[in-house]
Amino acid sequence: MDHLLLADLLFPDVHETPEDMEKRYPPRALPEGAKVTRFAPSPTGFVHFGGLFPATVGERLAHQSGGVFFLRVEDTDAKREVPGAAQALVRTLARYGVRFDEGVTADGEIGAYGPYTQSKRAQIYHVYAKSLVQKGLAYPCFTTEEEMEEHKSVNKKEELKNTNWQEAEEKRREAQEKDRAISLEEVKERLDKGDKFVLRILAGGDKEKKIRFTDLIKEQLEIPENDEDFVLLKSDGIPTYHFAHAVDDHLMGTTHVIRGEEWLPSLPKHIQLFSYLGFRLPKYLHIAQIMRLDEQGNKKKLSKRDMGANLDDYSRMGYPAESVREYVLTLLNSNFEEWHTANPDKPAEDFPFSIRKMSVSGCLFDFDKLNDVSKNVLSKMTAEHVYDLALDWARENDPPFAELLCKDKPYALSILSIGRGGKKPRKDYALLSEVKRYMAFFYDALFETEDRPDEKFARSDIAACLSDFASSYDDKADNQAWFDGVKAVAARHGFCPDVKQYKASPDDYKGHVGDVSSFIRLAVTGRLNSPDLYTVLQILGKEKALARIENYIKSL
RNA sequence: GGCCCGUUGGUCAAGAGGCUAAGACAUCGCCCUCUCACGGCGAAAACAUGGGUUCGAUUCCCGUACGGGUCACCA
């Protein structure tokens, strides 16, 4: 077979050579040790939570080393493409601290190694495809998708279990042999008829032979050589992931390929391809998958439909982006948390991210942990910051509440300031969606009596304590004086002003100051639990507080 | 089924031949001159399993079990 002739037959319009490409995309001039990484999603309009992991790793590695982090859109599967998805993705990732230097951005493409959209790179792939044919390392295959169906391994998940694997493998091998044997005449004939073909690699490997490979996360690996003539170019001339990966990452100067470990099984293909093309293999980081628990209690890869799979779910649920980012960083490098408590004022960007600290095995997504991280994040923010985030959330998800927040911003800020600042800030909510419930009783429009007093107290005693408190309440008194007042009320109505003393002889009293406080709290907030009562009364104002007490007494 | 990867408390994890096997979340208890939240103290809780190698294995090797991934003209 005359490979040069075949190449011209297959790619008559390709006149450039790989050397031309090398000239057009010269190696990057970057300092020693600078890493070039990329995030390469397919634009399906869905930003997977799992995607945040490789994206964050790539971003950290590149920026920490003074390198380049770029976005490449892998839109080689026309069937799945969603228009505008790339821009939305860039915006979403930016919220989570992942920013690109190069590639597809919100304002178009930036950078000298483009185009960064694979569908626009057809000519480039064809140059390399032609050269592979010339070297006898790739060949056309005219077997149609339908014909292939018969001896394809299988592709439906449901069928996987009932597959006769051995038979499927034999059929594949047979077909491969037949396809390889195609003659130049036959190619000419089919081409003249206008038949479409896919370009397959001529696999030179023996799967019984193992290759030693070092993954930066998984370390030493032993993988079989590739013996499968996988598809390089689909019948529409668009490359498969494998081929595009090799050509693009070579030309774009990617030094570290960061991707999910589901790619590990196709690594032999990539190694072979890079070698056929004469490209230097980049470093690989195959990162472990995030898992969830299925009904049987088994771990499963977090997939599209699962709660929390879509990154947008988190903002909808009310998690600040910062919380999610910290949680992700914690899962990626478990010492992040420790570092963060030791350096509370430094931005996450200062954290020395390390590949060595990354886990080899997949972890379970844990909402408990996320919530804890989020509580901490929110508790350390200023009231103003929380206000802004809560308002943003409310505008999207609860417009009436947004309006309430806007109506009196200083009032809202004073509520959000309770217990904020200082060494031990309150941690009342993990979610922006919980802020409303937390603030609710401060607004007459949202106020309602949720709890009931303990049955052991007589209604008349409660009413007596409350009216006594109301008539003696001085909103100018300081915290101590105010509490002394409450104690005095307690003493006047048969409640012990000192809790310890009460506990020593409970039968001598109807209750203690704490109980009296709970009556006031209930009347004023409608709940048995609230932040510091004195502060609450101060913020609420004397008039509103007394009105609520009065109403409460009436309702008893 | 073949191939590849993995397995330290419920979860995330440190430890890299000799440790009473860290820490965090969750759980439970106690304390914090009014509840809650915060904080403090404490409890319970783990090296999947069998064989090697070794004076000694959670740590190294082999097998087993279990879990995961993958086997497309999808990425």
Side-chain angles (χ1 to χ4, degrees), chain A residues 40-42 44 74-77 79-80 141 143-145 148-149 152-156 160-161 163-166 168-169 172 196-200 207 215 218 221-224 228 230-236 238-242 244-245 259-268 286 288-289 291 293 298-301 327 330-331 334-335 337-338 341 357 359-373 375 379 418-419 422-429 438 483 486-487 490 498-501 512-518 520-522 525 527-534:
Chain A
S42 47
T44 58
E74 310 225 328
D75 57 346
T76 55
D77 186 11
K79 285 171 235 137
R80 303 207 305 185
C141 166
T143 311
T144 64
E145 230 171 314
M148 210 60 192
E149 204 66 40
K152 195 182 354 186
S153 345
V154 220
N155 63 5
K156 293 279 173 292
L160 278 170
K161 286 186 213 85
T163 303
N164 184 336
W165 290 98
Q166 204 174 340
E169 173 63 15
R172 206 215 88 222
K196 299 262 190 192
F197 66 91
V198 301
L199 191 73
R200 288 180 179 277
K207 70 175 178 185
D215 180 272
K218 303 250 174 197
L221 255 35
E222 259 193 19
I223 54 176
E228 193 189 322
F230 62 92
V231 172
L232 259 21
L233 292 179
K234 305 180 220 175
S235 54
D236 56 3
I238 300 288
T240 56
Y241 169 85
H242 310 298
H245 157 49
R259 43 148 72 150
E261 66 180 345
E262 72 270 22
W263 287 106
L264 223 35
S266 43
L267 189 57
H286 286 97
Q289 296 284 325
M291 315 290 256
L293 243 31
N298 289 324
K299 285 186 181 181
K300 282 276 173 300
K301 167 172 149 183
Y327 177 55
T330 304
L331 289 182
S334 63
N335 56 326
E337 228 180 341
E338 196 186 334
T341 32
K357 277 281 176 190
S359 177
V360 286
S361 50
C363 62
L364 222 44
F365 184 90
D366 185 5
F367 270 108
D368 279 335
K369 186 67 184 182
L370 207 214
N371 287 340
D372 180 64
V373 170
K375 272 189 181 181
S379 77
I418 299 172
K423 274 249 173 291
K424 303 171 187 173
R426 292 185 67 94
K427 298 176 184 175
D428 292 293
Y429 33 81
Y438 175 73
F483 193 55
V486 177
K487 281 181 175 175
D498 183 85
V499 180
K500 273 198 179 135
Q501 193 182 327
H512 56 79
V513 241
D515 297 322
V516 176
S517 291
S518 78
I520 303 169
R521 191 184 314 277
L522 207 45
T525 71
R527 306 175 190 175
L528 248 14
N529 301 330
S530 82
D532 175 61
L533 234 194
Y534 175 76

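Convention: sequence-line order gives letters A, B, ...; per-chain numbering from 1.
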* To do: Ignoring backbone atoms, establish whether A:R259 has a side-chain N or O less than 4.0 Å from OP1 or OP2 of B:A75.
  => no
* Asked: Looking at B:C38, B:C73, B:C34, which one has an atom nearest to any side-chain atom of A:K424?
  -> B:C38
* Structure fact -> Across all chains, not counting sequence neighbours, the salt bridge (Lys or Arg N to Asp or Glu O under 4.0 Å) partners of A:R527 are A:E450
* Structure fact -> Residues passing the side-chain contact (heavy atoms from CB on, under 4.5 Å) test with A:Q501, sequence neighbours excluded, are A:C496, A:D498, A:Y509
* Assign a letter to each nucleotide of nucleotides 44-49 of chain B from its 5' end: B, base within under 4.0 Å of a protein heavy atom; S, sugar-phosphate only; -, no contact. => ------
* For the side chain of A:R521, counting heavy atoms from C-beta on, which of B:G15, B:U35, B:A37 is nearest? -> B:U35
* Asked: Which sits closer to the 5' end of RNA chain B, A:D366 or A:L233, going by the nucleotide each is nearest to?
  -> A:D366
* **Nearest to side-chain heavy atoms of A:S235, which nucleotide of B:C73, B:C4, B:C5** => B:C73
* To do: Using a 4.0 Å heavy-atom cut-off across all strands, classify A:T76 as base, sugar-phosphate, or nothing.
  => sugar-phosphate
* Please work out if A:S518 contacts a base, only the sugar-phosphate, or nothing of the nucleic acid, heavy-atom cut-off 4.0 Å. => nothing
* Asked: Which part of the nucleic acid does A:K300 contact within heavy-atom distance under 4.0 Å: base, sugar-phosphate only, or nothing?
  -> sugar-phosphate
* With sugar-phosphate meaning primed atoms plus P, OP1 and OP2, does A:S359 contact a base, only sugar-phosphate, or nothing at under 4.0 Å between heavy atoms? -> sugar-phosphate
* Ignoring hydrogens and angles, are the base of B:C34 and the side chain of A:D532 linked by a donor-acceptor pair under 3.5 Å? -> yes
* Structure fact -> Per the 3.5 Å Watson-Crick/G-U criterion and a run length of at least three, the stems involving RNA chain B are B:1-7 with B:65-71, B:10-12 with B:23-25, B:27-31 with B:39-43, B:48-52 with B:60-64
* **5' precedence on RNA chain B between A:E228 and A:L221 (nearest-nucleotide basis)** => A:L221
* To do: Could you tell me whether A:D515 contacts a base, only the sugar-phosphate backbone, or nothing, with contacts defined as non-hydrogen atoms closer than 4.0 Å?
  => nothing
* Asked: Residues two or more places apart in sequence or in another chain: which of them pass side-chain contact (heavy atoms from CB on, under 4.5 Å) with A:T330?
  -> A:F336, A:E337
* Name the nucleic acid region contacted by A:E222, choosing base, sugar-phosphate or nothing; use a 4.0 angstrom heavy-atom cut-off, strictly under. => sugar-phosphate
* To do: Using atom CG of A:L232 as one end and atom P of B:A72 as the other, report the distance to the nearest whole Å.
  => 16 Å
* Determine: side-chain N/O of A:K487 to OP1/OP2 of B:U33, distance under 4.0 Å, yes or no. => no
* To do: Give one of base, sugar-phosphate or nothing for A:L364, where a contact means two heavy atoms less than 4.0 Å apart.
  => sugar-phosphate
* Asked: Should the pair A:E261-A:K218 be classified as a salt bridge under the 4.0 Å nitrogen-to-oxygen rule?
  -> yes
* salt bridge (Lys or Arg N to Asp or Glu O under 4.0 Å) partners of A:K301, counting only residues at least two apart -> none
* Please work out if A:K196 contacts a base, only the sugar-phosphate, or nothing of the nucleic acid, heavy-atom cut-off 4.0 Å. => nothing
* With sugar-phosphate meaning primed atoms plus P, OP1 and OP2, does A:V499 contact a base, only sugar-phosphate, or nothing at under 4.0 Å between heavy atoms? -> sugar-phosphate
